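Here's the structure we're looking at; comments come further down.
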Amino acid sequence: MEYNHRETEQKWQRFWDENQTYRTDISPNKPKYYVLDMFPYPSGAGLHVGHPLGYIASDIVSRYKRLKGFNVLHPMGFDSFGLPAEQYAIQTGQHPAVTTEQNIARYIEQLKNIGFSYDWSREVRTSDPAYYKWTQWIFMELFRSWYNKDTDRAEPIETLLEKFATNGTTDVNAVCDEDTPTFTAAEWNAMSKRESYEITLKYRLTYLADAVVNWCPALGTVLANDEVKDGVSERGGYPVEQKLMRQWMMRITAYADRLLTGLDTIDWSESLKEQQRNWIGKSVGASVKFPLVKEERRKGGEEERNLDAVSPSSFIEVFTTRVDTIYGVTFMVLAPEHELVPQLTTPEQRAAVEAYVNAAKMRSERDRMADTKTVSGVFTGSYCINPLSGEKVPIWLADYVLAGYGTGAVMAVPSGDQRDWTFATHFGLPIVQILDTQKDLDKQADNTKEGHYINSGIINGMTYQEATQTLIAWLEERGLGKGKVNYRMRDAVFSRQRYWGEPVPVYFKADPDGKVLPYLIDESDLPLELPAVDKYLPTETGEPPLGRAEGWRYHPKGKANTSPSPETGEGRGEGYEYELSTMPGWAGSSWYWYRYMDPKNETSFASKESINYWRNVDLYIGGTEHATGHLLYSRFWNKFLKDRGYVPEEEPFKKLINQGMIQGRSNFVYRVKGTGVEGTAPVFVSQSLLDGRDVTPLHVDVNIVENDVLDVDAFQRSRPDLAEGATFELDGDKYIVGAEVEKMSKSKFNVVNPDMIVEKYGADVLRLYEMFLGPLEQAKPWNTNGIDGTFRFIRKFWRLFYGENSDGSDKWLVTDEEPTPAELKILHKTIKKTQDDIENYSFNTTVSAFMVCVNELTALKCHKRAILQDLVLILSPFAPHITEELWAALGNEPGTVSKASFPTFNPAYLVEDAFDYPIQINGKVRTTISFAIDRAASDIEKEVLANEVVQKWLEGKQPKKIVVVPKRIVNVVV
RNA sequence: GCCGGGAUGGCGGAAUAGGUAGACGCGCAGGACUUAAAAUCCUGUGGGCCGUAAAGCCCGUACGGGUUCGAUUCCCGUUCCCGGUACCA
């Protein structure tokens, strides 16, 4: 009987479910191993064959580690808040919870079909109130914390209040808002409760701020930078504009340095770490103040040129990484959006400046970035003073300076910076050499740090190091500047003007003087559940969808609710207004790996016991698209939770692997141009007969193509719109289709559903084939064609155990005979290869080793239990169903293959007594000769030289040299 | 532009402390079994040359150099492809 994959696989999947085979509990006497997949967003389209790639790899590692004696935590859940469900709700009125539930059910069914060893009792869903209760709680903890730069960690807000009460702001070294006032202890203690509370809001790790955000009018929501691609929303592709809005922010910048240095402690790919480093964008330099020229201020005339009113005072502040080049500054460049521009513009220059600023506004960010060749800029008419040289420096505007980075102003040093050089050359501004080593300044800038300074006042003759130190000290002494570290990374916007997300556990209360401030709801009121709304759109007044929830107001327990609505003044006694925005997509995914440790806990996000046992993720597998989003935010929250003593590890994901994307392989049919239109019958030509004919390629469903041969009948049946009355020009009796690698997508008719593969070939075959396709981290196209190889392998493997009696019934072939050395060698070579390859995540080569093993055992007609039982075990991580079946057939307790031990590799079986040496003449192999392993090199030399083939190549000459590498090669140099 | 990764048969890919390039699989070709097909099994399969055959020779890991007894592997330069990105002061 042939192996029946359908019956067997379903049987074991049911068994595992019913017996909770993969249920995991804490067992302190076993080492732990935590294998995590990036949990999916359950989309309506279901899984395609590309999705499970990483899940299969992680499942193999999980099963392998179990056999190796580890207690393995391997859970799965769903990142179930998100835009598509909300978009669907807007269109259909269907509550997102309903569609999400349906999609999850389908995902679970598909996942269970593939035989993953997840502990499903630990499943989490971010949209479940029992889950997001703790997302909200973490938000509250962030609100209740500040970042102490002295201890370099987050602390409860109470430690800040103590400092204020005893010493005011003197001892406080915190990450906080720019406009935070300084005060004494006495001043602090004299403040009203409201005043002091308002001050603490500037220190908390989550805070309200007016932020320029990516506002997407079509989606009615704010998007994170990484959700915007090329000026349109990543999901949906709608236009996005910049808008100033009051938003909840996360002070992730407080952690910038730790996020950077932590990268050195984790085992992630270099490219991924580099992406995070670039995103954080640390640069070390100095900020310098350039005072504005006083005479300019005087003769400015009446028109708003009162520079004394300019905030904060009369200077331009720049950030530079090359303060040593300050004597080379010949002009100043501001971003067109810089706040001082209106005040700095002289009446003569006003028209030109306004034209330039407007033109810059019109150009999209994209245009400005794409166009780096054109030089543009305009002079404001004003000057500032170089604080070092005392020279007058003209102030220009140019759009190569970005408002959002540094201070939005640059001190231009054309001799050292290429952009400044280009600008100076274009506008005829002077270029001053400042280092004796700079050369070819008439052709380009030279950014060298070598040599000694010239034309440079107090640093003349110094080297780079000396000059930098001297200048920073000089500037700090005079309050004109200081050493500064600048980061590209900004604080993260945490608000979304949408419905399907976690409500923010905050309400607003107006104080007697009318000032409205945010307050946390009481912890006992968590979870703050999403209210029902009539529509999932913003309100008519532009409020987020939660503004539609009727009577949704906060009523603190045991307190009078007397605050009127801050907007309307109405609603006295009806409770307080809630925050109406919801949390972003990354909130729920920034801590989920902890919830798996203790998913049902109602008193904390996970028990201390479980967290201290499982600690962090040993292996994390997922896509590279989360490089700067999820993976950065998760590290941020993890560090915060560690600071506050809730978790023990600084980094959440020790080892991370990015699985490569599985691309689609599209198939095409070719319709002759001019046919199939206006009632004419279409003519399709086989790809093999094209030969330059004028045709239109059309996508054809890959599921009706086999080995690039089209099932013509199926094509005509499934696409009557295309193939009605068509004629086909065949190559022999075959229509050969064309092929191209594209993204896997419905519109390209190249989606392959894993369910179909499982039905036809079995889950074990799907698992083996996905691994066999190539290295895990590499992107590769899916081509169902090759799957026959792994299908045959499984059946060949089965035939080592079962044959057929003459009446057609099953014949059990396994015997208890003693294995031969040759059989043991095959087995142990495969054991070694399997464990080495799994430890190196090289799954494709493991599958090939299994094939070799089964081929060799088949050739030897080996049916011995002593060999096959171990082979079942080492194959079980890859093909759990068939091995579970055979494990039971071998007489083991059913369902226990995952609870056995990985066979021990015994090198003794691999010892060879002879080696076939390739014999090279001048580096080319001419023959091979077998020598005993312990044969002396001099003996080998002699025998090689005596060899007939070697003699022939020597042509009677004496060899120059003979290289003998034991157990490798012999090379005779003539 | 910069950063990271890559380029090996018709195809997916193997082999790097430098040591027989093309494991394994697909596809293809031929054969066995079968009334036939499917399934299965066997043989061959980088290109070229020479041969009836056996055997043998030459070329070959994107391209051009180099180091070495020996290079897919190391070094220098070039081209192309994929991913990322920031005009970052």
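Since this is a predicted model, take the numbers as computed values, not measurements. Order of the sequence lines fixes the chain letters, A, B, ..., with proteins taken first and strands second; residue numbering starts at 1 for each chain.
Under 4.0 Å is where a charged nitrogen must lie from a carboxylate oxygen, and between A/Glu856 and A/Lys829 at least one such pair does. Between A/Glu706 and A/Lys734, none of the side-chain N atoms (NZ, or NE/NH1/NH2) sits under 4.0 Å from a carboxylate O, so this pair counts as no salt bridge. Checked for salt-bridge contact, A/Glu943 and A/Arg935 meet the test: a charged N lies under 4.0 Å from a carboxylate O. A/Asp788 and A/Arg795 are not joined by a salt bridge, as no carboxylate oxygen comes within less than 4.0 angstrom of a charged side-chain nitrogen.
Checked by atom type and distance alone, the side chain of A/Asn486 never pairs as donor or acceptor with a backbone atom of A/Ser283 at under 3.5 Å. Looking only at distances, no side-chain donor or acceptor of A/Glu770 sits under 3.5 Å from a matching main-chain atom of A/Pro52.
Atom CH2 of A/Trp953 is separated from atom P of B/G56 by 11 Å (rounded to the nearest Å). Computed from coordinates, the A/Asn658 CG to B/G84 C1' distance equals 12 Å when rounded to whole Å. With rounding to whole Å, A/Asp837 atom CG is found 11 Å from B/A14 atom P. Note: CD1 (A/Ile736) to P (B/G10) measures 18 Å, nearest angstrom. Rounding to whole angstrom units, CG of residue A/Asn278 and C1' of B/G83 are separated by 13 Å. Here the P atom of nucleotide B/A15 and the NZ atom of A/Lys833 are 6 Å apart, to the nearest Å. Taking atom CZ of A/Phe850 as the reference point, atom P of B/G13 lies 21 Å away to the nearest angstrom. Whole-Å rounding puts the A/Ile962 CD1 to B/G19 P distance at 21 Å.
Base-pair partner of B/A17: not found among the strands shown (Watson-Crick or G-U wobble, both distances under 3.5 Å). Taking a pair to require two hydrogen-bonding distances under 3.5 Å in either a Watson-Crick or a G-U wobble arrangement, B/G12 pairs with B/C24. Base pairing annotation: B/U52 forms no Watson-Crick or G-U wobble pair, as no partner gives both donor-acceptor distances under 3.5 Å. The pairing partner recorded for B/G60 is none, the criterion being a Watson-Crick or G-U wobble arrangement whose two distances lie under 3.5 angstrom. Pairing of B/G30, defined by two Watson-Crick or G-U wobble distances under 3.5 Å, is identified with B/C42. Pairing for B/A7 is with B/U79, a Watson-Crick or G-U wobble pair whose two hydrogen-bonding atom distances lie under 3.5 Å. The pairing partner recorded for B/U85 is B/G1, the criterion being a Watson-Crick or G-U wobble arrangement whose two distances lie under 3.5 angstrom.
Ring geometry for A/Phe797 against A/Phe793 counts as parallel: the plane angle stays under 30°, on a 0 to 90° scale with 60° as the upper cut. Classification of the A/Phe423-A/Phe427 ring pair by plane angle, with boundaries at 30° and 60°, yields tilted.
Among the heavy atoms of the strands lying under 4.0 Å from A/Pro775 are primed sugar atoms or P, OP1, OP2 only; no base atom is included. In this structure, A/Lys960 reaches neither bases nor backbone, as no heavy-atom distance under 4.0 Å exists between it and the strands shown. Contacts of A/Val973 with the nucleic acid, taken as non-hydrogen atoms under 4.0 Å apart, involve only primed sugar atoms and P, OP1 or OP2.
Contact between the side-chain N/O atoms of A/Lys780 and the OP1/OP2 oxygens of B/G12 is not found at any separation under 4.0 Å. OP1 or OP2 of B/A86 sits under 4.0 Å from a side-chain N or O of A/Arg488. Contact between the side-chain N/O atoms of A/Lys924 and the OP1/OP2 oxygens of B/C59 is found at a separation under 4.0 Å. Dashed line: the shortest gap from a side-chain N or O of A/Gln778 to OP1 or OP2 of B/G5 is not under 4.0 Å. Proximity of A/Arg799 to the phosphate of B/C41: a side-chain N or O atom is located under 4.0 Å from OP1 or OP2. Between A/Arg926 and B/C57, a side-chain N or O to OP1/OP2 separation shorter than 4.0 Å is present. Of the side-chain N and O atoms in A/Arg795, one or more sit less than 4.0 angstrom from OP1 or OP2 of B/U40.
Listed nucleotides B/G13, B/A89, B/G19 differ in distance to A/Arg419; the shortest reach to its side chain belongs to B/A89. Here the nucleotide nearest the side chain of A/Ser283, chosen from B/A89, B/A86, B/G19, is B/A89. For A/Ser271, the side-chain atoms get nearest to B/G4 when compared with the rest of B/C88, B/A17, B/G4.
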**Message:** Please encode protein proximity along nucleotides 21-28 of chain B as a string of B, S and -, counting only heavy-atom distances under 4.0 Å.
**Reply:** --BBSSS-
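Cation-pi geometry between A/Arg665 and A/Trp782 is not met at under 6.0 angstrom from the ring centre and within 45 degrees of the axis.
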